[in-house]
There are 2 protein chains.
Amino acid sequence: MLGDVFHKDCPAREVLGHLAGRWAILVLTALLAHPRRYHELRAVVAGISDKSLSATLRSLQQDGLVCREVGEGQPPTVTYSVTHLGRGAAAALTPLLDWIRANAEEITARRTP
Amino acid sequence: MLGDVFHKDCPAREVLGHLAGRWAILVLTALLAHPRRYHELRAVVAGISDKSLSATLRSLQQDGLVCREVGEGQPPTVTYSVTHLGRGAAAALTPLLDWIRANAEEITARRTP
DNA sequence: CAGCATCCTATTGGATACTG
DNA sequence: CAGTATCCAATAGGATGCTG
């Protein structure tokens with residue numbers, strides 16, 4: 001089965017690998033509400049470094065989930081937005097983020113050390 | 001805001017870090033349908049090593065998402081299942097897995113090299 | 001069967017400095 | 001502003017061998 005994430009070496013496994021990192025999840029979600037410029041993203045996704053942000057954005061572009069638009073003028077203005085495909089991915093991520101928001105405190109509080 | 005995944009050093013960010021890896025996602029999902037024993041998990045989650053599987057299971061246990069039960073007899077039989085909390089997490093992951101299953105081929109096909 | 005210990009390599013990711 | 005380049009530290013993760 002081609003879409004079986006449990007099978008090695010299948011496309012689904014590869015895509016999961018791209019989306020599974022915490023940075024991709026956060027960046028994609030940050031773009032869901034509306035497009036953002038590079039420095040906005042760096043501020044919104046607190047703690048991400050330039051290197052990780054640009055690497056994550058490149059990876060998301062290559063997968064066709066994020067669109068990069070360069071504006072006119074000096075200094076350059078670059079805006080990132082989710083594509084139609086990316087919107088679907090981000091939507092699929094919101095239940096996870098919602099669940100984490102709701103349960104994070106309980107988990108960290110009860111954690112067995 | 002305590003549950004804000006976009007804020008550094010908040011519980012939500014930490015929990016996201018635990019769940020974000022591909023192994024945690026797959027293991028948790030593999031346990032959603034029904035409990036499984038160690039060797040079943042290793043077979044179902046194709047490609048995972050003993051080291052990564054046991055590390056993932058330990059992490060999920062510490063977060064209270066997975067329960068480990070040791071059976072009687074020799075050789076030992078150890079069964080893993082999702083807790084109530086873990087069931088919620090796994091449920092929050094299914095939209096993501098479903099989306100990946102549905103779109104993985106399109107993504108890998110159109111990938112800009 | 002269900003793992004842990006060890007060794008090793010590869011990838012991730014932060015800090016810093018620099019550029020068009 | 002929007003990155004890229006470089007260096008380096010930390011982590012992930014595979015292979016192998018061993019144990020109760």
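Below, all heavy atoms of this structure are taken into account, side chains as well, without hydrogens, waters or symmetry copies. In what follows, chains are A, B, ... by sequence order, proteins preceding strands, each numbered from 1.
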(request) Locate the shortest heavy-atom distance separating B:D63 from B:L85; write the atom from each residue and the value. (result) O-CD2, 3.9 Å
(message) Just to verify, which of A:E69, A:R68, A:R36 counts as forming a side chain to side chain donor-acceptor pair (under 3.5 Å) with A:Y80?
(response) A:R68
(message) Can you give me the bend angle of the helix from C:dC1-D:dG20 to C:dG20-D:dC1? Use the axis through the first five pairs and the one through the last five, nearest 10 degrees.
(response) 50°
(message) Between A:R22 and C:dG13, is there a contact of a side-chain N or O with OP1 or OP2 at under 4.0 Å?
(response) yes
(request) Take the protein atom CZ of B:R36 and the nucleotide atom P of C:dA2, then report the distance between them rounded to whole Å. (result) 13 Å
(message) Restricting to non-hydrogen atoms, name the atom on A:A12 and the atom on A:D4 that form the minimum distance, rounded to 0.1 Å.
(response) CB-C, 4.3 Å
(message) If you assign B:Q74 and A:R37 each to the DNA chain D nucleotide with the nearest heavy atom, which residue ends up on the more 5' nucleotide?
(response) A:R37
(request) Specify the separation, in whole Å, of atom NZ of B:K8 and atom P of C:dG14. (result) 9 Å
(request) Send over the distance from B:L41 CG to C:dC1 C1', rounded to a whole Å. (result) 13 Å
(request) Mind listing the closest non-hydrogen atom pair of A:W99 and B:A92 along with its distance? (result) CB-CB, 3.7 Å
(request) Could you tell me the separation between the CD atom of A:E72 and the P atom of D:dC1, rounded to a whole number of Å? (result) 19 Å
(message) Going by side chain to side chain contact (heavy atoms under 4.5 Å, CB included), name the residues that satisfy it together with B:P76, two or more places apart in sequence or in a different chain.
(response) B:Q74
(request) Using a cut-off of strictly less than 4.0 Å, decide whether A:W23 has a side-chain nitrogen or oxygen near OP1 or OP2 of C:dG13. (result) yes
(request) Would you mind telling me which residue lines up with the more 5' stretch of DNA chain C, A:T56 or B:T77, judged by nearest nucleotide? (result) B:T77
(message) Strictly distance-based, threshold 3.5 Å: is any side-chain N or O of B:T83 a donor or acceptor partner for the main-chain N or O of B:G64?
(response) yes
(request) Output yes when A:E14 and A:K8 qualify as a salt bridge under the 4.0 Å nitrogen-oxygen rule, no when they do not. (result) no
(request) Could you tell me the separation between the CG atom of A:L53 and the P atom of D:dC1, rounded to a whole number of Å? (result) 14 Å
(request) Return the minimal non-hydrogen interatomic distance between A:L97 and A:T29, and the atom names on each side. (result) CD2-OG1, 4.1 Å
Between the protein and nucleotides 3-7 of chain C, are there any N/O to N/O pairs under 3.5 Å, and if so, what are the atom names and distances?
residue: C:dG3; atom: OP1; partner: B:R68; partner atom: NE; Å: 3.3
residue: C:dG3; atom: OP1; partner: B:R68; partner atom: NH2; Å: 2.7
residue: C:dG3; atom: OP1; partner: B:Y80; partner atom: OH; Å: 3.2
residue: C:dG3; atom: OP2; partner: B:Y80; partner atom: OH; Å: 2.5
residue: C:dC4; atom: OP2; partner: B:R58; partner atom: NH1; Å: 2.4
residue: C:dC7; atom: N4; partner: B:K51; partner atom: NZ; Å: 3.2

(message) Is a donor from one side chain sitting under 3.5 angstrom from an acceptor on the other, for A:S59 and A:T56?
(response) no
